[in-house]
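Have a look at the structure below, then the notes.
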Amino acid sequence: MAGAEVGASALPAVLTVSATPHAGKTSLIMALVDQLRDQLNMAVVLGPDATAAEVEKFEATGIPTEAEAFRPDADGADGLPFEPEALARLDVAVREVPAGHPCDLWLVSAAEVPDASVPDAAALVVNKIDTVGSAPARDALAAAVAQHQPQAAVFLTSATTGAGLEPLAHWLLQRLQLA
């Protein structure tokens with residue numbers, strides 16, 4: 001995760017998120033923001049393909065939100081599209097990055113079986129797990145995802161039901177050295 005320990009700098013940490021199409025990225029980010037809003041001051045930087053409806057959803061939560069084109073040279077908090085006063089109030093900025101780029105969280109739908117093109121990621125998140133019927137099927141899916149990046153943490157989540165969000169939020173807090 002780009003950035004320093006929360007509270008150690010005037011710039012926020014940056015959590016990068018990438019996903020396969022239809023993995024529920026917007027819903028998962030919104031659910032995580034909701035889960036962590038009492039513990040962190042957060043902002044969201046959506047990618048250039050964000051719809052007006054997505055931007056409005058985030059803005060309705062009161063979370064500072066911007067949409068911008070991905071800039072590979074925008075490393076860490078230095079490239080965030082927020083005014084300095086707003087940056088000073090943030091602990092974390094969640095930034096979407098295009099599929100295939102290294103990221104902190106890589107998200108895939110439970111309906112998909114990822115191929116070998118899984119990008120470097122600190123955590124692999126299988127979303128929409130509520131669509132997978134049995135515990136053995138969920139375990140098999142988690143094992144299949146973990147094969148692509150054995151060093152990455154694997155989380156099974158459902159942004160719709162909230163399943164698995166608490167362990168993912170705890171992991172994020174640990175990465176930010178707040179847990």
Side-chain angles (χ1 to χ4, degrees), residues 1-3 6 13-40 42-47 49-51 53-55 57-58 60-61 63 65 70 91-179:
M1 192 172 311
V6 170
V14 177
L15 172 70
T16 55
V17 180
S18 187
T20 59
H22 310 292
K25 179 175 56 185
T26 299
S27 296
L28 185 80
I29 292 171
M30 289 188 72
L32 274 176
V33 165
D34 189 52
Q35 181 91 18
L36 295 169
R37 73 179 322 130
D38 292 337
Q39 298 165 56
L40 297 171
M42 301 175 76
V44 177
V45 181
L46 300 172
D49 58 344
T51 65
E54 289 172 322
V55 173
K57 281 182 189 177
F58 280 105
T61 68
I63 300 297
T65 305
F70 175 68
D91 296 316
V92 179
V94 179
R95 173 174 276 195
E96 286 187 17
V97 297
H101 286 269
C103 56
D104 296 307
L105 297 181
W106 183 74
L107 182 64
V108 63
S109 169
E112 302 172 275
V113 176
D115 58 22
S117 64
V118 174
D120 287 337
L124 307 176
V125 181
V126 180
N127 196 30
K128 302 184 180 183
I129 202 65
D130 54 309
T131 64
V132 178
S134 69
R138 290 189 293 273
D139 293 342
L141 184 58
V145 169
Q147 285 182 329
H148 294 289
Q149 293 225 0
Q151 78 286 359
V154 175
F155 296 94
L156 303 178
T157 66
S158 169
T160 301
T161 68
L165 291 177
E166 190 172 320
L168 177 57
H170 182 75
W171 178 85
L172 288 171
L173 290 171
Q174 284 183 319
R175 298 239 333 149
L176 292 167
Q177 302 176 358
L178 289 176

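Note that the numbering runs from 1 along the sequence shown for the chain.
- Listed here is the closest heavy atom pair of Met42 and Ile63: O-CG2, 3.5 Å.
- The two residues Ala152 and Ala121 have their closest heavy-atom pair at CB-O, 3.5 Å.
- The main-chain N or O of Ile129 is never found under 3.5 Å from a side-chain atom of Arg138 such that the two would form a donor-acceptor pair.
- In this structure, Gln147 and Pro150 approach most closely via the heavy-atom pair O-CD, 3.8 Å.
- Put simply, OG1 on Thr51 and CG on Leu46 are 8.5 Å apart, with the number rounded to the nearest 0.5 Å.
- Using a 4.5 Å heavy-atom cutoff, the side chains of Gln39 and Leu173 are in contact.
- Taken from OG in Ser158 to CG in Leu165, the straight-line distance is 7.5 Å, to the nearest 0.5 Å.
- Within the 3.5 Å criterion, the main-chain N or O of Ala159 finds no donor-acceptor partner in the side chain of Thr157.
- In this structure, Ser134 contributes its side chain and Ala137 its backbone to a donor-acceptor pair below 3.5 Å.
- The nearest pair of heavy atoms linking His22 to Lys128 is O-NZ, 2.7 Å.
- No side-chain heavy atom of Trp106 sits under 4.5 Å from any side-chain heavy atom of Val125.
- By the side-chain hydrogen bond (donor to acceptor under 3.5 Å, both in side chains) test, Ser18 is found to be paired with no residue, residues two or more places apart in sequence or in another chain being considered.
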### Message
I'd like to know whether Asp130 forms a side-chain hydrogen bond (donor to acceptor under 3.5 Å, both in side chains) with Thr160, so could you lay out the CA-CA distance, the side-chain angles of the two residues, the decisive distance to 0.1 Å, and finally the verdict.
### Response
CA-CA 8 Å; Asp130 54 309; Thr160 301; 4.7 Å; no
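- By the salt bridge (charged side-chain N to carboxylate O under 4.0 Å, His left out) test, Lys25 pairs with Glu96, sequence neighbours left out.
- With sequence neighbours left out, Gln151 forms a side-chain hydrogen bond (donor to acceptor under 3.5 Å, both in side chains) with Gln149.
- Taking Phe155 as the reference, Trp171 meet the ring pair (Phe, Tyr, Trp, His ring centres under 6.0 Å) condition, with sequence neighbours excluded.
- Scored by the side-chain hydrogen bond (donor to acceptor under 3.5 Å, both in side chains) test, Thr65 finds no partners at all (sequence neighbours excluded).
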Only distances under 3.5 Å count here; give the side-chain donor-acceptor pairs of residues 27-36 to other protein atoms, sequence neighbours excluded, each with its distance to 0.1 Å.
none

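- The minimum heavy-atom distance linking Ala110 with Val132 is given by the pair CB-CG2, 3.6 Å.
- Side-chain N or O atoms of Asn127 include one that pairs as donor or acceptor with a backbone N or O of Ala23 at under 3.5 Å.
- Between the side chain of Arg37 and the backbone N or O of Thr61, at least one donor-acceptor pair lies under 3.5 Å.
- With Leu15 as the fixed residue, the side chain to side chain contact (heavy atoms under 4.5 Å, CB included) test singles out one of Leu40, Val44, Val94: Val94.
- The two residues Arg175 and Asp104 come nearest to each other via the heavy atoms NH2-OD1, 3.5 Å.
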#### Entry: Trace of the side-chain contact (heavy atoms from CB on, under 4.5 Å) decision for Leu156 with Val145
CA-CA 10 Å; Leu156 303 178; Val145 169; over 6 Å; no
